[in-house]
Q: 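Following this message is one structure expressed as structure tokens.
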Amino acid sequence: MQSRLVKKLIIIAAASCIVICTSCHKYLYQAPVDATYGAQFWTSQESVEQAALALYGQLRSCVRSSNSFFINGDLTTGTFLPNATQWNLDAVESSYNPPFDFSYVPYFEPDLQNWSRFYSLISQANLMLTNIPQMPLSDFASASVRDNYLAEAWFMRAYAYFYMIRIWGDPVYVTTVYNDVDFGEIPPVARTPENQVLDSCLIDLKKAAGIFSYAAGDVTKSVRANKGSACALIAHIYAWMHQYDSTHAYCQQVINAGGYSLEPMATYTNIWKGQSSLESIFELAMTYNDNDPNFQGQGSWAEAQFSFFGTFLKGPIVGNQNANCWIAPSGGLIDNTLFTDTTDARYNAILSLVPASNGDPAGYMLLKYANFAFQTPSTESYPYINNDLVIFRLSDMYLLDAEALAYKGNLAGAQADLAMTENRAGITSYQGINDSYDMVDECVMERGREFIGEGEWYYDLIRTEYTQGWLEYVGYPSDGRLSTTNKGYYWPLDMTTLFPEDKLLTQNPYWAVHK
Amino acid sequence: MKQTLILLLCIVLCHFPPSLHAQTALITVSGSVKDEQGKPIEGVSIRESSSKRGATTDKDGRFSIRVKDETATLEFSYIGYAGQKMKVKGAAEMQIVLKPENRNKLSDVVIVGTQAQSRRNTTAAISSVSGKDIENMPVASVDAALQGRVAGLNVQITTGEPGVAPTVVVRGNTRVNTNIGNDPNISQAQALSGPLYVIDGVPVNPEDISNANNDLTGTNYLAGININDVESIDIQKDAVATAAWGSRGANGVIYIKTKRGRSNRPEFRVNMYGGVTIVPPLLPTATGAEERSEKMDILQQYGTYTEMQTLPQMLTDSLNPYFNNATNWQGLFYRAASTKNVDLTMSAANDNVNYRVSMNYYNEEGIIQQFGYQRYSMRGNFDFKISSKLNSQVIVSMSKGDRQRGQKFYGNADANTPFDGTNQPSSFYRLTAYDTSNFSGGYTSLRNRNIDDQYMASIGLNYTIAPFLKYSFQGATNIISSSKDYFKPSNENQILLSGGQGVAVPSVAESDKSLYSTYFLTNNLNFSKTLHTASNHDHTFAITASQQFNADVSNLNTIGGTNTASDQIQTVSGVPQPDIYGSSDYKADATLSFVGQAQYDLDHKYLLYAAYRADASSRFGNDSKWGYFPAVGAGWIISDEKFMAPLKNAISFLKVRGSWGISGSQSPDFYAPYNTYSLYGTYNGAPAIAPSYTNGLDKDNLTWAKTTQKDVGFESQFLDNRVNLTVDFYDKVSKDDYFNFQLPFYTGFSSLTFNAHDLWVDNRGMDITFGAQILTRKSPLSWHTQLTISYNKNALAKLPNNNRTFTIDDYNGITRVFEVGQPIYEMFQMQYAGVYNKQSQIPFNPLTGNSITYFKGNHTVQPGDPIWVDVNHIGDVWTGEDNGNQYGDAIPSGDPNPKVTGGWVNDFTYKGFSLTVVGAFTWKRTVVNTFEQQQFNALAGNGIYSFASSRLPDLRGINYWTPQKAKSEANYQANFPSINPFEGYYYQYFPFSTMFNEDGSYFKISQLVLGYDIPGQWIRKAKINGLKVYALMYNVYTFKKANLPNPESVDQLGVYTGGLYPVPREVTFGIDIQF
């Protein structure tokens, strides 16, 4: 009896063991097949390539968000006015009281006063910089291929911080990935002074520049970071820090070794056509492609969009999709300051005088990005504008070099640089200038002409403000807002949203008392 | 998995072959069975305990049965009476008296985890409902039928839509869902913490199913089970009961047992009922000339001369055929509906086989067009006795649920008709052919089939290794196949018919399928023995060791497209390539558990219980898969003590018990520890992948959420069991629940779901069940009453980020505050305190000396404005301030969690008649009437055109402020602010103030059942063994304070939007025939 009992117990135990041991372990360690995940993702060069492309896609989505790229870089200069329906951008005008009041932009706060979206890009770069070194070299075709991905991540992180600094000043500087922490108790991080962050960025960029090679005349390489874009960014950062020797050195590197050449005036708009011009150093791909799953929804990841470039266009040129757009008003900066010489070929090539309509004033429509098309032309549905957004181009290097030389007192060198873009446009305003101040002023104006509608000029005005005072000229108050202690040229941070997330965060000095 | 099951079955079966009984000589005994009044009872089932030989009594209550010898024991059972056992005493005539059944019998067996315990000796807090109590209720699912019957169980019927789940919460909500602002379709499973269901031993978590298949059909899982197949329901509330289900029991366990054969004479039953559902009264509204005159009256009160000159044509041109109508837009969609139910049952129980097979057809039409639920179900329960030591249970069930849900494509939102609270058109508009075809026509040509097929099969084996040692095995599979086929035609035709009126909407076709399969295996070894010691004490031990394995696999396919080729082709075919979409999904998980349970009692008086459970789930990180769930309980049956003996007549039973334990809950995400990388799109034509911003970080330590519960309970019976009272006090703290953390911006990620170690939710309260047999046993009229009361206080005890308070705006614009000490989903609003009748009543801004302002200084308060209390005394009232006070004048203002719920059930029987009255109530709950709010919002401050084109709210009883009345009466007291359409808009009728908060208390007579058992002699000639007729009224009447049609049918967060499906009244008549 007893032995039978034992025997039966053993059988039951054995049966149970079969169930438990043979199958359960496998069942308890199941991974998803409906999505990829960290441990599985960082195992091939193909994945790293996809992660790297996400850097550019994220930057594209960051700068396009609510057209902030143009609001931050162009609207703030007063060259353009918001369209008549954009009442909530009224404060970003010189005629508003107080002028250019960055603290009152209803419903635009998430894009203009909140930098969170750029941290998605930074975390993606951090993630690549953490994971790629842990992958075996055998996952990559070669060490240089692998290093090139690291260099892209360094470049994009540096670009993101530089971009944020030019808008909001001191950023919260993060270089780590927040994996496996107590997500309810993430310690707050204070802002880091912008010069310290830029120093770190320069270190990263120089490492990247050492790895990258130049595009060497291949127009398709401008949509990814390469040595040309890294050096251009270094030159810009040095200029921002007013270190003109280094600015000059890096501009010269790009000009001499990059393999770029200026686009002739006859084909001037090729610059923004997308991977078509040897002038372009770095551009974000925004042209239409058939594989784009986001196109019809026009989400933030859609490659080609209508509304971004469309903000400058209305009427028949965009199939009457827009009744309003940003106009550079007649009698404004275009007529009175930038294009006083109407023989400037750019005046005719990229500006079109339109009458007042639908509440928008009479003035100039910008035609840099005007490759308008429909996906389905027969039904006139799914409109888009088929242009790329150019971030750095050779003209930029010439003019930055001119600015650096002008500050250094090398007027002849500066004139030679200015001649590159002005001669192309058929003007010679650089001639006959014989002091450093006027030469810098000419550089600023030529940048205003050359880069109008490229989200750039406002930063030029901030950069040169300490000697030239252009911001007051375009309408900013001279009540001390623009002093280097008040930093009122930066945008305020949306503290209502951001402060609860980071208790060490502080408001920009001017807006701490003027919001 | 299936292979494993078969393998195990082979092993078990090969080693335990059925054995044969030895035949011995039999003797015959006979006797009679009577009730307490001495009347013979016919049809009593008699069985020999050892052999299961059986007989039944005849019309004189007499029986005779052959038994093995003179020591045999007979069991007598009859529905409605307590079973009895009696030893045969020689061949003498037996006289048996059966007593009426006592509810919650102490001898009943309850299943705690894997262990069977007697109700008398358990230390767990368990309430039970008999299937008999809820049979024939005209509701689709068993959960709705439990309302008002169980203390500690809060059931709210939030919608009258057929086939949709009510909300079910055991002892208070523990779920903090931070997604309430984004999704109007948060289903009950996601907003509140629902219980685990265990159906015939197989655990089912409806929340998992609806999460995995994206709530494809939105149909209640429990609707697949025929109510009339349910034998009993045990609601397990305290930690001792739920910890045995450990890993998934934290929110309570509802154990459902289905019926088995019980009569040894084969039975065939037909039960049918049918009835009508009555259209509820439509929301009152003025139409036609009445609306015009009401509107003009209002305008004349407020309008200036100039304003009155520019009235819209709609108001002034009363002869215009476009604007002189009296259309009641609600009336387009409602209809009287019907309910039908047919049950066929065959059953028998004999020596070796016990079976019950049932079939059911249930059809509930909705009171809104294109709504309804139909169920076809079959269930077979079979018990086989293979040898004296081995028996087996086989359960097979299949059901098909077919639900229509109007034009609703996803979830159970309140889009029941095309009009919600915000867009109720004025009755002036003419109902054009386009409207008719677009609204009702669009309904009839709509195809929206939502099918849920459920298949369940279970095999159980019980083997008695030795008298004290039993082994059992159960293997089960449960498959739910859901499909949705949707087609909405384009409105091109209507546009053509109406001569180009309307906006073109393309046709949409979608076909979705999901398959959710659960496999469950358990092995149990049970040791039980009673030791008698020399000192005449009984020590009883019961020790159970179990292993459980559970695996789920979920598949989901979706295809769809717009612009189908023709409105006659209602599937996804011929759709242009850019308009077509499709996707599939696959998910799987598994849980492995080991359970140990030990029970000990000394002399059946001092009770001890301990359980320990270990669970590993594939849903957790490699380092944190295992969770451990202990529980202990102790009890003392005081009434068995000697010193209680003198009181035995007064206090027949008194037990004190206490318990402590930990139970858990799993992550709702199958792959919770895995971060997700998503394809965001392309860059320059090539795919770009980055981590998900909401689930992109590693979380290897993700683990079980745990609930610790303490319970002290008293169970008592008085006056020879005529009165019983059970009282439980509990305190339940839930920690580490899955919480959607908003991450700081500098992490680069927006949010992440993780265990919130600092999110503690406390629920404490009291459950009371009082039952009494009011009249004496001698009385021909019997009246049994049961009152259940549950009191629960819900509070957040701790919050993440150093108890940081946070707020979330729900979908309807009502802010919810999450603050330590406040209940979950507490409303956070400005306080509305009446109307400023006169300028003199308006306070001054302390700084400026002017009248106070609203809306950050944008609106200066004037007479007729609502009084919003200036909580922070800064002279401006608003929900947020610019001066650093983030929340302005908002204060915690209402708790949508009911504090007290319960029910009152009365059963009367007199001879063959029975009457049951069921009442349910909720007390102390705040609900918000956003329907009225939206109506006023369209009316006042939004301009004259909005005023003209919107429907009027019901203004009866609303004494709104007007300048004329304020001028003419000295002590003018308006009870509602000005509804001036010409006034500026400052969000005066927005739900961010308490203006539309109402008291959600109600008492509802939910059910009235009248039955009559037709006496035997009348029906015997028709060769029928039993015949019962009954009539039932469901949702009889609701007593309420709130100005809502039904304060119960509000959403999970206590909001009434006016678009919800009303809960209708139903009347049914039925007949139950037994052959």
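Letters go in sequence order (proteins before strands), and every chain restarts at 1.
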Q: What do the steps show when you test A:I186 against B:L743 for side-chain contact (heavy atoms from CB on, under 4.5 Å), and what is the final call?
A: CA-CA 8 Å; A:I186 296 180; B:L743 298 182; 4.0 Å; yes

Q: For B:F749, is it the side chain, the backbone, both, or neither that has a heavy atom closer than 4.5 Å to a heavy atom of chain A?
A: side chain

Q: Check whether B:I689 gets within reach of chain A through its side chain, its backbone, both or neither, counting any heavy atom under 4.5 Å.
A: both

Q: Centres of the A:F183 and B:F754 rings: under 6.0 Å?
A: yes

Q: Contact part of A:V172 toward chain B, heavy-atom cut-off under 4.5 Å: side chain, backbone, both or neither?
A: side chain

Q: List the residues meeting ring-ring contact (aromatic ring centres under 6.0 Å, His included) with A:F41, not counting sequence neighbours, and say none if there are none.
A: B:Y677

Q: Which atom names give the shortest non-hydrogen contact between A:P293 and B:G681, and what distance separates them?
A: CG-CA, 4.2 Å

Q: Could you report the tightest heavy-atom contact between A:R60 and B:Y683, atom names first, then the distance?
A: NH1-CD1, 3.5 Å

Q: Given a strict heavy-atom distance threshold of 4.5 Å, which part of B:R619 is in contact with chain A: side chain, backbone, both, or neither?
A: neither

Q: Please state whether the side chain, the backbone, both or neither of A:E283 comes within less than 4.5 Å of a heavy atom of chain B.
A: backbone

Q: Are B:F549 and A:Y27 an aromatic pair, judged by ring center distance below 6.0 Å?
A: yes

Q: Please work out whether the ring planes of B:Y674 and A:Y37 are parallel, tilted or perpendicular, with thresholds of 30° and 60°.
A: perpendicular

Q: Looking at B:S583, B:P687, B:S692, which has the largest count of heavy-atom pairs under 4.5 Å with chain A?
A: B:P687

Q: Identify, with sequence neighbours excluded, every residue that meets salt bridge (charged side-chain N to carboxylate O under 4.0 Å, His left out) alongside B:K798.
A: B:D758

Q: What residue in A:T287, A:T376, A:L127 has the most heavy-atom pairs under 4.5 Å with chain B?
A: A:L127

Q: Which atoms form the tightest heavy-atom contact between A:D180 and B:N701, and what is the distance?
A: OD1-N, 4.3 Å

Q: Looking only at heavy atoms, what is the nearest atom pair of A:L53 and B:A686, with distance?
A: CD1-CB, 3.5 Å

Q: Given that the side chain runs from C-beta out, which part of B:Y586 has a heavy atom under 4.5 Å from chain A: side chain, backbone, both or neither?
A: both

Q: Which one of B:L799, B:T676, B:D700 has the most heavy-atom pairs closer than 4.5 Å to chain A?
A: B:D700

Q: Tell me, for B:T747 versus chain A, whether the close heavy atoms (under 4.5 Å) come from the side chain, the backbone, both or neither.
A: both

Q: Count the heavy-atom pairs under 4.5 Å between each of A:Q296, A:Q58, A:K503 and chain B, then report the option with the highest count.
A: A:Q58

Q: Pick from A:S47, A:G274, A:A54: which one has the most heavy-atom pairs with chain B under 4.5 Å?
A: A:A54

Q: Only pairs of heavy atoms separated by less than 4.5 Å count here; which of A:D182, A:L498, A:D290, A:V177 has the most with chain B?
A: A:L498

Q: Taking A:E501 for its side chain and B:F745 for its backbone only, find out whether a donor-acceptor pair lies under 3.5 Å.
A: yes

Q: Sequence neighbours left out, what passes side chain to side chain contact (heavy atoms under 4.5 Å, CB included) with A:A52? Give chain and number order.
A: A:M128, A:Y149, A:E152, A:R224

Q: For chain B, which candidate among A:G299, A:P188, A:A302 shows the most heavy-atom pairs at distances under 4.5 Å?
A: A:P188

Q: So which part of B:A756 gets closer than 4.5 Å to some heavy atom of chain A, the side chain, the backbone, both or neither?
A: neither

Q: Answer with side chain, backbone, both or neither: which region of B:T591 has an atom nearer than 4.5 Å to a non-hydrogen atom of chain A?
A: backbone

Q: Which one, A:Q375, A:Q30, A:M286, A:Q40, leads in non-hydrogen pairs under 4.5 Å with chain B?
A: A:Q30

Q: Distance from A:N289 atom CG to B:N684 atom CG, nearest 0.5 Å?
A: 8.0 Å

Q: Kindly give the heavy-atom pair with the smallest separation between A:E303 and B:T682, and that separation in Å.
A: OE2-OG1, 2.6 Å

Q: Measure distances from A:V223 to the heavy atoms of chain B and classify the residue's part below 4.5 Å as side chain, backbone, both or neither.
A: both

Q: Using non-hydrogen atoms only, which part of A:D292 is less than 4.5 Å away from chain B: side chain, backbone, both, or neither?
A: both

Q: If contact means a heavy atom pair closer than 4.5 Å, which residues of residues 116-124 of chain A contact chain B?
A: A:S116, A:Y119, A:S120, A:S123, A:Q124

Q: Do you know which of B:K625, B:K699, B:H757, B:K587 has the most heavy-atom pairs under 4.5 Å to chain A?
A: B:K625

Q: Taking every heavy-atom pair that is under 4.5 Å apart, which of B:G696, B:A588, B:P800 has the most such pairs with chain A?
A: B:A588

